[in-house]
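Sequence positions, counted from 1, serve as the residue numbers for this chain. Since we're looking at a predicted model, the values are computed, not measured.
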Amino acid sequence: MSAPAPSTLAIVDAEPLPRQEEVLTDAALAFVAELHRQFTLRRNELLARRGERRAEIARTSTLDFLPETAAVRADDSWKVAPAPAALNDRRVEITGPTDRKMTINALNSGAKVWLADFEDASAPTWENVVLGQLNLTDAYERRIDFTDPKSGKSYALKSADELATVVMRPRGWHLEERHLQLDGVSVPGALVDFGLYFFHNAQRLIDLGKGPYFYLPKTESHLEARLWNDIFVFAQDYVSIPQGTVRATVLIETITAAYEMEEILYELRDHAAGLNAGRWDYLFSIVKNFRDGGAKFVLPDRNAVTMTAPFMRAYTELLVRTCHKRGAHAIGGMAAFIPSRRDAEVNKVAFEKVKADKDREAGDGFDGSWVAHPDLVPIALASFDAVLGEKPNQKDRLREDVSVAPGDLIAIDTLDARPTYDGLRNAVAVGIRYIEAWLRGLGAVAIFNLMEDAATAEISRSQIWQWINADVVFENGEHATADLARKVAAEELAAIRAEIGEETFTAGKWQQAHDLLLQVSLDQDYADFLTLPAYEQLR
C-alpha cells in the first residue's frame with residue numbers, strides 16, 4: 001500500500017487578490033509546505049531558547065562571549081565565501097517596502113543595493129505579502145510600471161545596468177502567516193516570504209547574472225543562523241541550483257547576536273555576505289533583555305543615543321573588525337531623514353548630519369551604508385567614494401586596532417544623557433502615528449521628517465515601559481508613571497484629531513493605535529514584540 005500524499009497548504013480567511021495564482025502556484029505552495037515540515041519544529045525550539053536566555057539575563061544582568069564557541073573565534077583559518085560580483089560593491093543601500101511605486105523608485109535610485117523589505121517596513125497584510133512577491137517578479141521580468149493616481153506621474157525602470165541589486169528581507173522568526181496553514185497550523189512568516197521568493201526567482205536571478213540574496217532580521221544566536229543555513233542548503237537542492245548560490249547578510253540588531261558575530265558568520269560561511277549594524281532594533285533589544293537590570297540600563301531619549309555613544313561605538317567597531325577578519329562586508333546603519341519639500345533649512349541641517357554619519361562610517365571601515373530616501377543616495381555615495389575610490393569595498397582594512405571587552409557592549413551608563421519629558425512625548429507621538437499607519441497596512445511611514453518602521457515603534461513603546469518601571473524622574477520634576485503616559489497619549493490623540501479633522505480621524509485607526517500603544521507600554525507582562533498583538537488586529 002502506498003504512503004498517503006502529504007497534506008497541502010490551505011489559504012485561510014483571505015480574499016482573492018488579482019494575479020495571486022501567479023504567486024500561489026501549486027508547486028510554490030508545495031515547496032513552502034515542505035519548508036514548514038522540515039524546519040518549523042526547530043524554529044519553535046529556538047524561540048523557546050530565546051525565552052530561556054532572556055531569563056538568564058534577568059538573573060545575571062550581564063552577557064559574555066560564549067565559552068563553548070571559543071575555538072571558532074580563535075581559528076583564523078576560516079573565511080566566508082567570496083562575494084559574487086553583484087554583491088561586491090555595496091557602498092550605498094536603499095531600504096523600503098515592495099509596493100509597486102517603491103519597487104521602481106528603489107531599483108532606479110542609484111543605490112548599489114535595494115533591501116526589498118517584507119519585514120519592518122511592511123505591514124504583513126495578505127495583500128502586501130502576495131502582491132509584494134508579484135512586484136519583484138514583475139521587475140525581474142521588466143513588466144512593471146506605475147502611474148500615481150493623484151499626480152498622474154508615471155514610473156518605469158531604467159536600463160538593467162542602472163538598477164540596484166535586490167537583497168530581500170523576510171519576516172522575523174517570531175511572526176506567523178495566519179493565511180497559510182498546514183493541517184490547521186500557521187506557517188512561519190519567514191518561511192512563506194523566503195519560500196515564495198526563492199521558488200519563483202532563484203533561477204530567474206541567476207539568469208540575470210545575480211542570485212537569491214537575503215537579509216536575515218532579528219537573529220538572536222548562531223543556532224538561528226545555523227537553521228537558516230540548513231534551509232538554504234535544502235532549498236538549493238530542491239530547485240537544483242548550485243550550493244552557495246544563496247547569499248545572506250545578517251542584521252546584528254539584537255544584543256545577544258552582538259556577542260556571537262563570528263559564530264553567526266561561521267554557521268553561514270558558505271552563504272554569508274556580511275553583517276549589518278542596525279540601530280533602533282538594537283536599542284529595543286537592549287531594553288527588552290535588560291529591562292529589569294536597574295538604573296544603569298535605562299536608555300535616554302532615542303535621539304540622544306547616537307552611533308558615537310561608547311557602547312554603540314564598541315558594537316559597530318567590533319562588527320567591522322569581525323566582518324573584515326572573515327572576508328565579509330560590514331554594512332552601516334540607516335539614514336532615516338526624509339527631505340522636506342517646503343523647508344530648505346531643515347534639509348540643510350539634516351543633510352549635514354547624514355554626511356557626518358556616513359563620513360564616520362566610511363572612515364571606520366564600513367563597506368557601505370543604508371538610506372531611506374533616494375535624495376540621500378548621492379550624499380552617502382560621496383562619503384564612501386571619498387574613502388573607497390575605485391575599490392568596491394575596504395575589506396582589506398582589518399581594524400586590528402579594535403579591542404572590545406564584553407562589558408563594553410552593555411556599558412549604557414557611559415552616556416551622560418538622561419530621559420526627558422519631551423522624549424516621553426515624542427515616544428508617544430511617534431508610537432501612535434506609526435501604529436495607526438501599520439494597522440492600515442503601511443509599514444514605512446514618514447513622521448516628523450523621518451522614515452519610521454516597526455523598529456522605531458518598538459523602541460518608543462519599550463522606552464515608555466522602561467522609564468515607568470525604573471521610576472524615572474524627568475528634568476521637570478515629573479515621575480514617569482502609567483498615569484502620565486495615559487495623559488500624554490490622550491493629549492496627543494486630541495492634537496491629532498484637531499490637526500486632521502473629525503472626518504479623517506474617524507476614518508483612520510487612531511483610537512485603536514492609541515489603545516494598543518498603551519497596552520504594550522503599560523502592561524506589566526512585557527510583550528516580546530509589538531507586532532504580535534498588532535497582527536491580531538491587522539485586517
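Residues Thr249 and Tyr213 have side chains that never bring a donor and an acceptor to within less than 3.5 angstrom of each other. Under the 3.5 Å distance criterion, with hydrogens and angles disregarded, a donor-acceptor pair is assigned to the side chains of Thr147 and Ser154. At a cut-off of 3.5 Å, with distance as the only test, a side-chain donor of Asn289 or Ser285 sits close to an acceptor on the other residue. In summary, the side chains of Asp528 and His174 do not present any donor paired with an acceptor at a separation below 3.5 Å, with no hydrogens or angles considered. Residues Ser383 and Asp359 bring a donor and an acceptor atom of their side chains to less than 3.5 Å of each other.
With sequence neighbours excluded, the residues forming a ring pair (Phe, Tyr, Trp, His ring centres under 6.0 Å) with Trp228 are Trp173, Phe194, Phe232, listed by chain and number. Applying the side chain to side chain donor-acceptor pair (under 3.5 Å) rule to Arg59 yields the partners Glu56; only residues at least two apart in sequence or on another chain are considered.
Taking the ring axis of Phe146 as reference, the NZ or CZ atom of Arg100 does not stay both within 45° of it and closer than 6.0 Å to the ring centre. Under the 6.0 Å distance and 45° angle rule, Arg497 does not count as a cation-pi partner of Trp510. Annotation: cation-pi geometry satisfied between Arg178 and Tyr535 (NZ/CZ under 6.0 angstrom from ring centroid, within 45° of ring axis). A cation-pi geometry, defined here as NZ or CZ lying under 6.0 Å from the six-membered ring centre and within 45° of its normal, does not hold between Lys296 and Phe290. A cation-pi arrangement, defined by a distance under 6.0 Å to the six-membered ring centre and an angle within 45 degrees of its axis, is absent between Arg279 and Tyr315.
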Discussion item. Does Val371 form a side-chain contact (heavy atoms from CB on, under 4.5 Å) with Phe337? I'd like the steps, not just the answer.
Written reply: CA-CA 8 Å; Val371 300; Phe337 177 66; over 6 Å; no

Discussion item. Go through it in stages, so that I can follow the logic: the residues are Val298 and Gln463, the test is side-chain contact (heavy atoms from CB on, under 4.5 Å), and I'd like the CA-CA distance, side-chain angles, deciding distance and then a yes or no.
Written reply: CA-CA 8 Å; Val298 172; Gln463 293 204 286; over 6 Å; no

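Atom CD of Glu502 is surrounded by more than 12 heavy atoms from other residues, nucleotides or ligands within 6.0 Å. Around atom CD of Glu127, no more than 12 heavy atoms belonging to other residues, nucleotides or ligands sit under 6.0 Å away. Counting heavy atoms of neighbouring residues, nucleotides and ligands inside a 6.0 Å radius, atom CG of Asn476 exceeds 12 of them.
Side chains of Ile379 and Phe351 form a contact here, defined as non-hydrogen atoms less than 4.5 Å apart.
For Phe214 and Tyr197, the gap between ring centers is short of 6.0 Å. Under the 6.0 Å cut-off for aromatic ring centres, Trp370 and Tyr215 qualify, their centroids lying closer than that.
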